[in-house]
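Before any comments, here is the structure.
Counting from 1, the numbers follow the sequence of the chain as shown. Values below: all heavy atoms of this structure, side chains included; hydrogens, waters and symmetry mates excluded.
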Amino acid sequence: MESPASPGNLSRRGILKGAAVTAGGAVLGLGSTSVARAADASITATSPDGANRITMSLVGGVLQWSVKRGGTTVLNPSALGLVLSDGTQLGAGNLSVTNYQHWTKDSTWTPVYGRDATVRDHYQEMRWNLREATSGVNFSVQLRAYDTGVALRCVLLDAGSATISDELTTWAFPAGTTVYSARDEDAYSPLAPGAIPLTGTSTTDNGNLSDLPLLVTLDSGLHATICESSRVNYPRSMVSSVTGADNTLKTYLMKKSARSSGTAQNTTTVTTPFATPWRVLVLGDEAGDLIDNAELVLNLAPPCALPATSWIKPGKVFRCELTTAAGTQGVDFAAARNLQYIEYDAGWYGPEFSTLDATTPIAAIDLPGVIDYATSHGVGVFLYVNRIALTDPDTLFALYKSWGVAGIKLGFINDGTQAMTNQIIAWAKAAAKYELLIDMHDDVRSWGYERTYPNWISLEGVRGNEQFPTATNNVLLPFARNVGGPMDYTICYGQSRDQTTNNHQLAMAAVYYQPLNFLYWYSKPSAYATTANWPGLAWFDAIPTTWDESTTVAAAVGQYVAVARRSGITWFLGAMTNEDARTLSVPLTFLDSGTSYTATIYADGTAGSTPHATPTVVSTRTVTSATTLSVTMTSAGGQAVILTPVNSVS
């Protein structure tokens, strides 16, 4: 629906009838419009609940933007705009407003899979059309305010082409702000915005750079995560510190693909009209709000582009050793343990960095036999492919489809340049053509396109759990990387190298959003032959990977997190702590009132000599929505709880 919005200081001088504007391949429907004549002006988009306000101002011909939540400053006035390759700066001066548009939209859409069964898309949008006087270039800036955060993007309006060399957009946070910076697979470092360390090599982008999503905590107590959404035909964004501006970050467009020695792209040429990606601030009063508000990234992405999606099946995966016997044993284990897929990883067709042919299995694997055996047991098969073997993805994917393969895990995807963005989308499209799921690994970052191509079911772009990181690292991820999108984090249950308890690993399956969830990483079925030694197996048997409803029930950045997710009538609660032992009081108010539930609790026992040595203690009790659960965790520990209505039939 559309409704009038206040133009702030902007004078409304005649209502114009709006026509649809094509930008970046999407139709931008127009609401109320007016022409601006004032040299200085401002407009503000306000979220439906009134909490979030994103303002754009024109002062002396220069664009600025700022953000408040609940009247508290999130962003001070910050620069805004684009730089073209001929030196034209769209936003730095000589601007006038030529048109003003605004409306409110409220709709609901149903994802193929996700954190929730339905997603509400409710926002107020404000737009200015502007003209840069010297060059005559016409462009638009669009603001959106949701209850969950704010976003903006630029649209080049003139028909033809344009070459973009940079963005002017900065993020000027208040004093006392902390960002949790990480690049590639480094651990997170809490520091001031102006203190991001210098990183890079001769083959990568160099600078005081941090990857997105970027977690931000403000001295006021507010929380934010910087993300991007709807990136098409455009380089990936990072952020950099700004010399002489201690609390300011600048949007940085990658010129090389991460970890890559490939060709640098210093500029981005596009056909216009063209829309840049959305620059997104997911916002919350508390840390847990960031987890619950992550759907903002999807709301800003294009709708599903696939005509049929019933073949897309999220699920749990077991990685097999590279033999026929290991494959069939993996299928038996998957069928017994309610896993949907097995996977042959790197090496199934030979040494991955020297073998360009991914069509011939090694002699140790009878791949047709394993696929037939898996299919007969209702289990799908994933195959790993290094990107150097993707010279003809259409032919390769068609072959895999003919074999009966369910999905592909792509390795060493070096996301970054405009060309790599387009290549990644092309791989997702090609996989969808042959009804194949796709999981992209290594330094690739999400931008909401699992909504557009839901067969792109997961990606890495994180310091993986197979590196056995600290518990502190693990309890930062829900507020940072996982806000941006699905995360393949390879749960390492029962591994002696874990720096966490087994229950911490159990809880990951509920805390993290992982629609394709690799379980039992670095393990094999025989390790769990004596099931009595592994009480957590029943938790993994029961838990799904996508959800009807999700809510964060306790959270503090880098300290602890507890998330409850519902599938059908059953709730799954996961809680994780850092290296500090603690007890959380968790009200079960998310349960249906008037219904009793059986809580099956997988708790840390008496702390062992190392976190890994801490046993799991299983107990049951009856609870209701009036119950407050005491969730006790040892150092680097966790707790997992299954909540099933007492009278339900399993």
Side-chain angles (χ1 to χ4, degrees), residues 8-9 40-47 52-83 89-95 97 125-128 130 132 139-146 149-155 164 166-179 181 192-196 207-210 212-220 222-229 237-253 276-283 296 300:
N9 298 328
D40 292 351
S42 67
I43 52 173
T44 297
T46 303
S47 61
N52 298 324
R53 295 170 60 86
I54 178 171
T55 297
M56 176 167 52
S57 301
L58 189 63
V59 180
V62 176
L63 273 181
Q64 295 179 334
W65 70 300
S66 59
V67 177
K68 289 189 175 183
R69 177 172 173 81
T72 300
T73 297
V74 176
L75 277 185
N76 289 311
S78 305
L80 172 60
L82 301 173
V83 181
Q89 296 192 14
L90 304 178
N94 297 320
L95 291 182
V97 178
E125 178 161 339
M126 298 280 177
R127 297 184 186 182
W128 269 348
L130 302 115
E132 201 278 328
F139 70 105
S140 173
V141 179
Q142 305 170 358
L143 311 179
R144 283 192 188 175
Y146 292 77
V150 299
L152 63 79
R153 69 175 177 180
C154 297
V155 181
I164 300 166
D166 198 5
E167 290 194 14
L168 297 173
T169 306
T170 62
W171 314 70
F173 291 102
T177 293
T178 298
V179 299
S181 174
I196 296 175
N208 304 92
L209 297 168
S210 180
L212 302 183
L214 182 74
L215 170 63
V216 180
T217 58
L218 286 79
D219 198 44
S220 63
L222 296 179
H223 295 74
T225 305
I226 301 176
C227 303
E228 69 174 345
S229 184
S237 171
M238 302 176 78
V239 289
S240 67
S241 294
V242 177
T243 302
D246 290 344
N247 294 294
T248 299
L249 300 173
K250 183 182 183 300
T251 299
Y252 178 89
L253 302 181
T276 68
W278 290 99
R279 304 298 170 220
V280 187
L281 272 174
V282 180
L283 296 173
L296 175 58
L300 293 162

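- Taking CG of N208 as the start and OG1 of T243 as the end, the distance is 6.5 Å to the nearest 0.5 Å.
- Defined by atom type and a distance below 3.5 Å, a donor-acceptor pair is present between the side-chain atoms of S210 and S181.
- At a threshold of 4.5 Å between non-hydrogen side-chain atoms, the residues L249 and V242 do not count as touching.
- Taken to the nearest 0.5 Å, the CE atom of M126 stands 11.0 Å off from the CD1 atom of I54.
- Expressed to the nearest 0.5 Å, how far CD1 of I43 lies from OG1 of T55 amounts to 8.5 Å.
- Taking the side chain as every heavy atom from C-beta outward, E228 and V280 never approach each other to under 4.5 Å.
- Residues T169 and W65 have side chains in contact (heavy-atom distance under 4.5 Å, counting atoms from C-beta outward).
- Using a 4.5 Å heavy-atom cutoff, the side chains of V216 and T177 are in contact.
- The residues K250 and E167 are annotated as not salt-bridged, no charged nitrogen and carboxylate oxygen being separated by less than 4.0 angstrom.
- No side-chain donor-acceptor contact under 3.5 Å links T225 to the backbone of P213.
- No side-chain heavy atom of Y146 sits less than 4.5 Å from a side-chain heavy atom of S47.
- At least one side-chain heavy atom of L281 sits less than 4.5 Å from a side-chain heavy atom of L75.
- Contact check for W128 versus F139: no side-chain heavy atoms found under the 4.5 Å cut-off.
- Checked options L283, T72, L143; the residue passing with V67 is L283 (criterion: side-chain contact (heavy atoms from CB on, under 4.5 Å)).
- Applying side chain to side chain donor-acceptor pair (under 3.5 Å) to W171 and the options N76, T248, T251 leaves one that passes, T251.
- Here the side chains of L168 and Q89 are in contact, with some heavy-atom distance below 4.5 Å.
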**Request:** Under the side-chain hydrogen bond (donor to acceptor under 3.5 Å, both in side chains) rule, what do R53 and T46 come out as? Steps first, then yes or no, please.
**Result:** CA-CA 5 Å; R53 295 170 60 86; T46 303; 3.1 Å; yes
